[in-house]
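As the structure is a computational prediction, the values presented were derived from the model and not from experiment.
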Amino acid sequence: MNELSKLFREDPEEKAKSTSSWIANLASATNKNRRTEPITTPMSYHKSIPKLTLTKFDSDPLKWTDWLGMCEAIIHRSEMSPFEKITHLQQNVVGKAKSVIAGFRYNGNLYHRALKSFQNRFGKPHVVVQAHLDKLLKVAPVAEDDTGSVSAFSTVINNIVWTFQDLG
């Protein structure tokens, strides 16, 4: 059985553990599979690369895994206080995503709860998978003699496979 068919036969909720395990493990004392402390590098290195910015998340399941990865890298793994982290979360969500944590205000004590609320609302693997499959169905037909359409189709397929692998 190939990898893609395994994804459809296995429980998508179980497969979500690899993508968002850092959220599920927020309350645990140690997560041995992932680095839990901020990564520190020399200041001269930080001056040489551009500052990363988190895109605004609007609840689109096609954007969930990318946004979550950037959120972990830019906000969660930073040395900011929980109050600064929830402020950044609040400023980087719009629409339905904004409404999920609107009541949390800028209370750093609720930062972990905000992440878990996002995971429960937007990180459901079956929703993310279905959105990507719908996108695949909307791809323009591939013309045998059109290398551009073959390349575009290949890119869509590769992105979907990578997203499914990221989901676990």
Side-chain angles (χ1 to χ4, degrees), residues 1-41 49-80 82 85-86 88-101 111-140 142 150-168:
M1 183 182 319
N2 66 30
E3 291 296 315
L4 192 56
S5 62
K6 286 181 184 176
L7 287 173
F8 296 107
R9 294 183 185 274
E10 296 178 15
D11 180 16
E13 299 298 328
E14 284 295 314
K15 301 304 280 178
K17 291 179 182 173
S18 67
T19 298
S20 58
S21 63
W22 62 276
I23 293 175
N25 293 324
L26 287 174
S28 67
T30 306
N31 182 353
K32 293 181 178 148
N33 295 329
R34 296 189 80 122
R35 185 178 186 99
T36 56
E37 71 279 355
I39 299 171
T40 56
T41 55
I49 59 174
K51 183 178 179 178
L52 297 174
T53 55
L54 184 62
T55 58
K56 295 196 183 291
F57 181 66
D58 62 0
S59 77
D60 181 352
L62 293 172
K63 298 175 184 172
W64 170 251
T65 55
D66 287 342
W67 183 84
L68 184 64
M70 289 293 290
C71 179
E72 180 184 13
I74 296 171
I75 297 174
H76 186 69
R77 299 249 176 246
S78 75
E79 294 181 14
M80 293 184 283
K85 290 178 181 183
I86 198 159
H88 282 282
L89 276 182
Q90 289 282 10
Q91 293 176 347
N92 287 287
V93 292
V94 295
K96 291 178 186 176
K98 180 78 168 179
S99 69
V100 169
I101 62 167
Y111 168 71
H112 289 166
R113 188 178 296 172
L115 289 174
K116 289 180 180 185
S117 294
F118 280 144
Q119 177 63 37
N120 291 336
R121 183 76 178 268
F122 306 115
K124 295 178 179 167
H126 68 279
V127 173
V128 175
V129 167
Q130 188 61 54
H132 282 279
L133 292 176
D134 291 345
K135 179 181 178 180
L136 179 60
L137 294 174
K138 293 176 185 173
V139 173
V142 177
V150 171
S151 178
F153 183 74
S154 173
T155 299
V156 169
I157 292 293
N158 282 329
N159 288 337
I160 289 172
V161 168
W162 293 327
T163 298
F164 288 2
Q165 286 175 343
D166 191 38
L167 289 172

query: Do Gln165 and Val161 have side-chain heavy atoms sitting under 4.5 Å apart?
result: yes

task: Look only at the side chain of Lys96 and the backbone of Asp58, and say whether a donor-acceptor pair between them is shorter than 3.5 Å.
output: no

message: Using the rule side chain to side chain contact (heavy atoms under 4.5 Å, CB included), only one of Val128, Asn159, Leu133, Thr65 pairs with Phe164; which is it?
response: Leu133

statement: Closest non-hydrogen contact found for His132 with Thr163 is NE2-CG2, 3.6 Å

- prompt: Any side-chain heavy atom of Val93 within less than 4.5 Å of one from Trp67?
  reply: yes

- line: With sequence neighbours left out, the residues meeting side-chain hydrogen bond (donor to acceptor under 3.5 Å, both in side chains) with Gln91 are none

query: What heavy-atom pair brings Ile101 and Phe118 nearest, and what distance separates the two atoms?
result: CD1-CZ, 3.5 Å

- prompt: Which atoms form the tightest heavy-atom contact between Lys63 and Phe57, and what is the distance?
  reply: C-CE1, 4.2 Å

- prompt: Just by modelled atom types, is the Val150 backbone N or O under 3.5 Å from a matching donor or acceptor in the Ser154 side chain?
  reply: no

field: Results of side-chain hydrogen bond (donor to acceptor under 3.5 Å, both in side chains) for His88 - residues two or more places apart only
entry: none

message: For a quick test of reading the model, state the closest non-hydrogen atom pair linking Leu136 to Ile160 and the distance between them.
response: CB-CD1, 3.8 Å

- request: Identify the heavy atoms of Leu89 and Ile75 that sit nearest to each other, and give their distance.
  value: N-CD1, 4.0 Å

